[in-house]
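These figures come from a predicted structure and were not determined experimentally. Every number for a ligand or one of its atoms is a count from 1 in the order of the listing.
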Amino acid sequence: MELVTGGAGFIGSHLVDVLVAQGKSVRVFDNLSSGREEFLAHHGDSVEIIQADLLNYDDVKAAMAGIETVHHLAANPDIRLGTEVTDTDLRQGTIATYNVLEAMRVSGVKRISFASSSAIYGEADVMPTPETYGPVKPISLYGASKLSSEALISAWCGTFGAKSWLHRFANIVGSRGTHGVIFDFIHKLKADPTRLEVLGDGRQEKSYMSAEDCVRAMVHLVDGVDEDVNLYNLGTGDTCSVRRIAEIVVEESGFENVSIEYTGGKRGWAGDVPKTSLDVEYLFSTGFVPSMQSEAAIRYTARALIDEIGL
Ligand code: NAD
């Protein structure tokens with residue numbers, strides 16, 4: 001059986017879909033803070049859902065019974081929140097990961113696949129940034145929590161003989177999104193179809209990957225590569241600017257004469273990395289091919305979220 005922490009969330013629920021399609025039994029562990037049971041409703045009773053918090057160690061330990069692989073995706077997904085509440089990423093990221101690892105250790109579970117992030121690189125001076133880039137210097141508390149979680153997982157593997165897959169995600173977009181730039185733009189347009197405020201100067205440029213491609217890549221790596229610690233960037237190999245995303249969302253909204261207004265400054269908020277570009281040659285060398293590049297993933301997501309949110 002597979003355990004998916006954060007399995008009721010945006011990416012987690014897509015991962016559950018793929019694992020179920022592979023014929024695996026799946027248990028989801030989620031406190032439903034940003035996840036939604038409706039994202040799993042189509043599985044009926046075939047997916048077991050434990051509504052509990054990773055900060056309650058006894059609940060995490062109980063969830064490990066009969067588990068072969070833990071897919072650890074639960075975390076605070078909001079990078080911006082770290083500018084206001086300074087212990088969120090420490091608790092929901094680092095300590096939650098510690099609880100997962102310790103529960104695995106005492107239960108004899110030996111495999112963990114982890115949702116890390118390109119945020120660990122901070123403002124890298126090598127672009128596209130390969131996995132071998134270092135020293136890495138995150139500039140957000142979220143990035144720090146991902147890097148410390150990676151370190152804890154690697155140490156667990158070295159000390160207790162577990163195997164891990166560390167996936168450094170690009171920006172992931174798609175249906176069931178509950179946050180992120182496309183989601184924000186649609187909500188802003190819904191509130192006021194005449195103008196769209198963009199945080200920063202719109203020149204921020206990042207790699208985007210569809211959630212379907214992301215979870216397909218995760219499973220491809222877990223099934224296909226077998227070092228003790230398998231560390232991969234997950235992305236599409238190209239980038240898209242926030243300016244272009246704003247244009248695409250406006251095009252897909254069907255609203256005319258929308259004034260796109262920029263708040264100015266090179267970053268959207270403190271801790272926002274203005275430009276990220278992930279080197280994904282290592283991922284591609286395993287035979288993985290994404291089905292969509294960044295712009296196509298953004299357009300497809302804009303359509304899906306406009307459909308879900310309604311304008
Ligand atoms: P999400 O908020 O939809 O998913 C997180 C899930 O974890 C939610 O279902 C939430 O209810 C659950 N959760 C949070 N704290 C919990 C806790 N203490 N105990 C139990 N459940 C808890 O966000 P997402 O975008 O699907 O992100 C999934 C993972 O991927 C996260 O670890 C995130 O940091 C990582 N990630 C996401 C992106 C992206 O672009 N979306 C990029 C890089 C990394």
Side-chain angles (χ1 to χ4, degrees), residues 3-17 27-40 49-60 63 70-82 87-100 103 112-121 138 140-150 153 166-184 206-215 217-218 232-236 240 245 272-273 276 278 294 297-298 301 305:
L3 181 69
V4 183
T5 74
F10 160 48
I11 303 171
S13 62
H14 285 282
L15 179 63
V16 171
D17 290 348
R27 178 180 297 149
V28 163
F29 188 104
D30 200 300
N31 67 0
L32 302 181
S33 55
S34 52
R36 296 195 198 143
E37 263 179 307
E38 72 203 55
F39 292 163
L40 298 171
I49 303 177
I50 298 177
Q51 185 179 345
D53 199 302
L54 285 178
L55 294 176
N56 294 331
Y57 173 72
D58 289 343
D59 289 341
V60 188
V70 177
H71 306 262
H72 176 36
L73 284 83
N76 156 51
D78 181 0
I79 302 188
R80 251 180 293 179
L81 190 62
D87 66 351
T88 303
D89 295 298
L90 176 69
R91 289 160 52 76
Q92 308 295 336
T94 314
I95 293 173
T97 300
Y98 166 80
N99 282 350
V100 168
I112 178 167
S113 169
F114 174 62
S116 187
S117 166
S118 61
I120 63 118
Y121 293 120
S140 61
L141 304 192
Y142 169 88
S145 81
K146 291 296 183 192
L147 186 56
S148 56
S149 293
E150 285 189 4
I153 293 170
L166 308 176
H167 313 277
R168 291 178 174 170
F169 295 171
N171 282 53
I172 309 301
V173 294
S175 58
R176 306 177 194 154
T178 52
H179 53 271
V181 62
I182 305 172
F183 181 87
D184 285 349
K206 304 180 185 186
S207 302
Y208 293 85
M209 185 184 218
S210 79
E212 284 87 349
D213 277 343
C214 169
V215 298
M218 290 177 82
Y232 284 81
N233 287 337
L234 264 56
T236 52
C240 184
I245 296 175
D272 182 28
V273 180
T276 61
L278 288 180
S294 290
I298 287 159
T301 301
L305 293 184

A.B. asks: Could you tell me which atoms of ligand 1, counted from 1 in the order shown, lie closer than 4.0 angstrom to a heavy atom of Asn171?
C.D. replies: 40 (O)

A.B. asks: Give me the nearest non-hydrogen protein atom to atom 5 (C) of ligand 1 as residue plus atom name, then the distance to 0.1 Å.
C.D. replies: Ala75 O, 3.8 Å

A.B. asks: What protein heavy atom is closest to atom 26 (O) of ligand 1, reported as residue, atom name and distance in Å?
C.D. replies: Ile11 N, 2.8 Å

A.B. asks: When you look at Asn31 and Leu54, which way does the side chain to side chain contact (heavy atoms under 4.5 Å, CB included) test go after all the steps?
C.D. replies: CA-CA 8 Å; Asn31 67 0; Leu54 285 178; over 6 Å; no

A.B. asks: Within a distance under 4.0 Å of any heavy atom of Gly9, pick out the atoms of ligand 1 and give their elements.
C.D. replies: 3 (O), 4 (O), 8 (C), 9 (O)

A.B. asks: Among protein heavy atoms, which lies nearest atom 29 (C) of ligand 1, and at what distance?
C.D. replies: Leu73 O, 3.1 Å

A.B. asks: Among all the protein's non-hydrogen atoms, which is closest to atom 35 (C) of ligand 1, and how far away is it?
C.D. replies: Tyr142 OH, 3.8 Å

A.B. asks: Give me the residue, atom name and distance of the protein heavy atom closest to atom 21 (N) of ligand 1.
C.D. replies: Asn31 N, 3.1 Å

A.B. asks: Heavy atoms only: give me the nearest Ile79-Tyr142 pair and the separation to one decimal.
C.D. replies: CG1-CD2, 3.5 Å

A.B. asks: For atom 3 (O) of ligand 1, what's the nearest protein heavy-atom neighbour? Residue, atom name and distance, please.
C.D. replies: Phe10 N, 2.8 Å

A.B. asks: Quick check: closest heavy atoms across Ile245 and Cys240, and the distance to 0.1 Å?
C.D. replies: CG1-SG, 4.0 Å

A.B. asks: Within ligand 1, which atoms have a heavy atom of Ala52 less than 4.0 Å away?
C.D. replies: 19 (N), 20 (C)

A.B. asks: Specify side chain, backbone, both or neither for Ala119, according to which of its non-hydrogen atoms lie closer than 4.0 Å to ligand 1.
C.D. replies: neither

A.B. asks: Against heavy atoms of Ser116, which atoms of ligand 1 measure under 4.0 Å?
C.D. replies: 43 (C), 44 (C)

A.B. asks: I'd like to know if Asp53 and Arg91 make a salt bridge, using a cut-off of under 4.0 Å between side-chain N and carboxylate O.
C.D. replies: no

A.B. asks: Select one of side chain, backbone, both or neither to describe which atoms of Leu32 lie under 4.0 Å from any atom of ligand 1, heavy atoms only.
C.D. replies: backbone

A.B. asks: Quick one: which of Leu278, Leu234, Asn233 gives a side-chain contact (heavy atoms from CB on, under 4.5 Å) with Ser118?
C.D. replies: Leu278

A.B. asks: Give me the residue, atom name and distance of the protein heavy atom closest to atom 9 (O) of ligand 1.
C.D. replies: Asp30 OD2, 2.5 Å

A.B. asks: Say whether His179 and ligand 1 are in contact under the criterion: heavy-atom distance to a ligand atom below 4.0 Å.
C.D. replies: yes

A.B. asks: Suppose I only count heavy atoms of Gly35 and a 4.0 Å limit; which atoms of ligand 1 are within that range?
C.D. replies: 8 (C), 9 (O), 10 (C), 11 (O)

A.B. asks: Using the side-chain hydrogen bond (donor to acceptor under 3.5 Å, both in side chains) definition, which of the options His167, Arg168, Glu150 pairs with Ser116?
C.D. replies: Glu150

A.B. asks: With heavy-atom distances below 4.0 Å as the criterion, list the atoms of ligand 1 near Pro77.
C.D. replies: 2 (O), 23 (O)

A.B. asks: For the 3.5 Å polar cut-off, considering only N or O atoms, please tell me whether Leu55 and ligand 1 meet it.
C.D. replies: no

A.B. asks: Among protein heavy atoms, which sits nearest to atom 43 (C) of ligand 1, and what does the distance come to when rounded to 0.1 Å?
C.D. replies: Phe169 CB, 3.4 Å

A.B. asks: Need the ligand 1 atom indices (1-based, order shown) with element for anything under 4.0 Å from a heavy-atom of Ser33.
C.D. replies: 10 (C), 11 (O), 13 (N), 14 (C), 15 (N)

A.B. asks: Between atom CG of Asp213 and atom CE of Met218, what is the distance when rounded to the nearest 0.5 Å?
C.D. replies: 13.5 Å

A.B. asks: Which pair of non-hydrogen atoms, one from Ala144 and one from Pro138, has the smallest distance, and what is that distance?
C.D. replies: N-CB, 3.8 Å

A.B. asks: Going by heavy-atom distance to atom 42 (C) of ligand 1, choose the closest among Ser34, Ala170, Cys214, Gly7.
C.D. replies: Ala170

A.B. asks: Looking at Ala8, which atoms of ligand 1 are within less than 4.0 Å of one of its heavy atoms?
C.D. replies: 9 (O)

A.B. asks: Test of understanding: given a 4.0 Å heavy-atom threshold, classify the contact between Lys146 and ligand 1 as side chain, backbone, both, or neither.
C.D. replies: side chain

A.B. asks: side-chain hydrogen bond (donor to acceptor under 3.5 Å, both in side chains) with Thr94: which of Ser148, Ser149, Ser145?
C.D. replies: Ser148

A.B. asks: Nearest heavy atom to atom 15 (N) of ligand 1: which of Gln92, Arg176, Gln51, His167 does it belong to?
C.D. replies: Gln92

